[in-house]
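Read the structure below first, then the notes.
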Amino acid sequence: RIVFNFPHSGSQRVHINRELLHNFFQSARSHLKPKGQAHVTLKMRPPYSEWQVELQAKRAGMVNVSVLHFDQKQFPGYRHVTTEADAKTFIAAAEKEARLCKTFCFLVKGGAVANAAEKEEEEGEE
């Protein structure tokens, strides 16, 4: 599993952060073993929700298999550092902030598990 919690390019430009995600998925894809997963955690409000994480993964040949609530307790010693010096302190453990954070789990397209997830996704769109 490859985990990228709260990615950010350092730029507030949406298209740059979309490209960051796309490049991450392309790179992760080449390092994952069969059935290996790439996880990306984002806060689900603008501008992060506008980065189209699922589309960037799809462009890189990956498929979403689940979306989970971010659980900071799964990462002992984790401390979020912001790219803005003037930004308020981010505390994912705080109930309000935690509700806004989602972890997207992806697999490389083509594997049996990924194919089943893709089929389920397509059936949901009908």
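The figures that follow rest on heavy atoms only: side chains count, while hydrogens, waters and symmetry mates do not. Because the structure is predicted, anything quoted here is derived from the model rather than measured.
Put simply, SG on Cys105 and NE2 on His39 are 3.5 Å apart, with the number rounded to the nearest 0.5 Å. Taken to the nearest 0.5 Å, the CZ atom of Arg1 stands 13.5 Å off from the NZ atom of Lys33. The CG atom of Leu21 sits 10.0 Å away from the CZ atom of Phe104 when rounded to the nearest 0.5 Å.
The two residues His22 and Gln56 have their closest heavy-atom pair at CD2-O, 3.5 Å. Of all non-hydrogen atoms in Ala38 and Leu32, the two that sit nearest each other are N-CD1, 4.1 Å. Contact between Ile2 and His31 at its shortest, heavy atoms only, is CD1-CB, 4.1 Å. Here the shortest heavy-atom pairing between Leu107 and Gly36 reads CD2-O, 3.0 Å. Annotation for Ser9 and Leu20: closest pair N-CD2, 3.6 Å, computed over non-hydrogen atoms.
Two residues are said to be in side-chain contact when any heavy atoms from C-beta on lie closer than 4.5 Å; Phe106 and Lys58 fail this criterion. Within the 4.5 Å cutoff, no side-chain heavy atoms of Ser66 are placed close to those of Thr103. Within the 4.5 Å cutoff, the side chain of Asn17 has heavy atoms near those of the His8 side chain. Contact annotation: the side chain of Phe25 approaches that of Val53 to within less than 4.5 Å [non-hydrogen atoms, C-beta and beyond]. Considering only heavy atoms from C-beta on, His69 comes within 4.5 Å of Lys102 through its side chain.
Linking Ile, Leu, Val, Met, Phe, Trp and Tyr residues whenever their side-chain heavy atoms come within less than 4.5 Å leaves Leu42 and Leu68 in two separate clusters.
Relative ring orientation between Tyr48 and Trp51 is described as perpendicular, the plane-to-plane angle rising above 60° on a 0-90° scale split at 30° and 60°. Aromatic ring orientation, Phe4 versus Phe24: tilted (interplanar angle from 30° to 60°).
Judged by distance alone, the side chains of Gln26 and Arg29 never bring a donor and an acceptor atom under 3.5 Å apart.
Within a 6.0 Å sphere centred on CZ of Arg59, heavy atoms belonging to other residues, nucleotides or ligands number more than 12.
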